[in-house]
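Data block below; observations after.
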Amino acid sequence: MNLARLDLNLVVALRALLEERNVTKAGQRVGLSQPAMSAALARLRRHFGDELLSRVGSQYELTALGQVLLDRTATAYDVLERLFASQAAFDPTTETREFRIVASDYAVDVFGVELARVIHEEAPGIRLRFTRTPITVVDDTASLLSATDGLLMPHGVISDFPATDLYDDRWVFVVSKDHPSVEDRLTRQDLARLPWVTYQRTYDAPAVRQLGMLGIEPRVEVSVDSFHALPALVAGTRRIALVQARLARLLAPLTAVRVLDPPYEAVPLREALWWHPVHTHDAAHIWLRETAARVGRRIADADT
């Protein structure tokens, strides 16, 4: 494929056509007349060798290829938009821009709140948008990072992308305050016999993979896409959950749970900000990374 021969404006037209499924509405969305949008659709059909939109009664429906292109086009559009929004210089006191960061609720609670506070004080025109980490993050990391400004994720889950280390944390267990069979400390036998509450894909977390090496297979009773929900799902039950110590300190006073150390030396947790290499030399993104690193150091220093 010779990109030099392609009209990148067709990416804008293609996205509008696939999402609107109507030539007139797609044209209105991108500021093109109906004849101009029809001409763009004809060029796209020739390029892909496919109708993309096929008439069904009085409406248009996506073809099989059109459905495949729907998500890919949105990702490509975001990449191009971020690419051409890159800046040689960036003044946080005067610029207006939105940074989109993918993060778990744990990362937002422990790190994102402080990052937002610092940016509010130092860069009043900058907006932050936190979006939840998808369950597919490990399967298609490149696509996710290419369409965002960063991903808050500890080391050991993804690799092969640039990252800025932020702060360290450790894993602890939470059990109900009135748990009938757990005293002041957990045993490895407790971990094997008690039902678990886990976060999303259990096997992605290094601390849970470590259990497998110890011969412990968690008996998962509840799985949830929120770290924040783990203590509530433990309280008043026989369940246990593995959570980050910093989050446990925030949530334990609000929930009827106890925080216990693991009955083994759990692998440490180092939170990092990951990004796609396309952002590496962008002045605005450099500022974001430097600010994030500074906030991370502040969080770490609060422990000393």
Side-chain angles (χ1 to χ4, degrees), residues 1-91 94-102 123 125-132 134 136-137 139-151 161 275-288:
M1 180 61 62
N2 185 353
L3 289 177
R5 297 174 58 187
L6 292 178
D7 180 357
L8 293 182
N9 286 316
L10 289 176
V11 176
V12 179
L14 178 60
R15 183 183 188 185
L17 286 163
L18 296 178
E19 292 182 352
E20 298 292 343
R21 305 184 189 189
N22 181 287
V23 174
T24 301
K25 290 182 179 179
Q28 292 171 346
R29 172 170 160 177
V30 300
L32 291 178
S33 66
Q34 194 274 344
M37 184 56 78
S38 294
L41 176 57
R43 291 179 63 189
L44 289 165
R45 283 170 167 168
R46 287 195 299 271
H47 173 80
F48 288 106
D50 186 88
E51 286 296 297
L52 302 178
L53 296 171
S54 59
R55 185 177 290 278
V56 178
S58 61
Q59 297 180 326
Y60 281 100
E61 298 291 339
L62 298 182
T63 65
L65 179 60
Q67 192 66 50
V68 170
L69 292 174
L70 181 61
D71 291 336
R72 292 183 180 180
T73 303
T75 299
Y77 184 92
D78 287 342
V79 172
L80 289 171
E81 188 174 51
R82 292 173 187 280
L83 175 64
F84 287 101
S86 298
Q87 300 169 249
F90 181 78
D91 182 355
T94 59
E95 296 283 356
T96 58
R97 173 166 172 168
E98 179 178 271
F99 290 103
R100 194 174 109 183
I101 298 175
V102 178
I126 302 302
R127 303 180 308 279
L128 285 177
R129 182 193 300 181
F130 292 105
T131 58
R132 177 127 342 154
T136 57
V137 60
D139 303 318
D140 197 7
T141 308
S143 294
L144 175 68
L145 289 179
S146 67
T148 63
D149 291 294
L151 166 67
F161 288 93
W275 71 90
H276 195 282
V278 72
H279 303 310
T280 297
H281 302 295
D282 175 37
H285 202 275
I286 292 172
W287 172 83
L288 174 67

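Below, each value reflects all heavy atoms present in this structure, side chains not excepted, and no hydrogens, waters or symmetry copies. Residue numbers start at 1 and run along the sequence shown.
Looking only at side-chain heavy atoms (C-beta outward), Leu70 and Gln67 come within less than 4.5 Å of each other. In this structure, Leu151 and Phe161 have side chains that are not in contact, with every pair of non-hydrogen atoms separated by 4.5 Å or more. With a 4.5 Å cut-off on side-chain heavy atoms, Leu53 and Leu62 count as touching. Contact check for Leu14 versus Leu52: side-chain heavy atoms found under the 4.5 Å cut-off.
The two residues Gly150 and Leu145 make their nearest non-hydrogen contact at C-CD2, 4.5 Å. Closest approach of Ala13 and Ala40 over heavy atoms only: CB-CB, 4.0 Å. When all heavy atoms of Met37 and Val23 are compared, the closest pair comes out as CG-O, 3.5 Å. Contact detail for Arg45 and Glu51: the closest heavy-atom pair is NE-O, 2.7 Å.
Qualifying salt bridge (Lys or Arg N to Asp or Glu O under 4.0 Å) partners for Glu19, counting only residues two or more places apart in sequence or in other chains: Arg15, Arg29. Looking at residues two or more places apart in sequence or on another chain, you find a side chain to side chain contact (heavy atoms under 4.5 Å, CB included) between Ser143 and Asp140. Under the side chain to side chain donor-acceptor pair (under 3.5 Å) criterion, His276 pairs with no residue, sequence neighbours left out.
Between Asp50 atom CG and Thr63 atom OG1 the span is 3.5 Å, to the nearest 0.5 Å. In this structure, NE2 on His279 lies 12.5 Å from CD1 on Ile286, to the nearest 0.5 angstrom. Atom OG1 in Thr141 sits 7.5 Å away from atom CG in Asp139 (nearest 0.5 Å). For the atom pair Asn22 CG and Gln59 CD, the distance stands at 9.5 Å (nearest 0.5 Å). The line from CZ of Arg97 to CG of Asp149 is 5.5 Å long, rounded to the nearest 0.5 Å. The distance from atom CZ of Phe99 to atom CZ of Arg129, rounded to the nearest 0.5 Å, is 13.5 Å.
Applying side-chain hydrogen bond (donor to acceptor under 3.5 Å, both in side chains) to Trp275 and the options Thr280, Thr148, Asp282 leaves one that passes, Thr280.
Side-chain atoms of Gln28 and Thr24 form no donor-acceptor pair, as typed in the model, at a separation below 3.5 Å.
Between Phe90 and Trp287, the ring planes lie tilted relative to each other; the angle falls in the 30° to 60° range.
Under a cut-off of 6.0 angstrom, the local environment of CZ in Arg72 is sparse, with at most 12 non-hydrogen atoms contributed by other residues, nucleotides or ligands.
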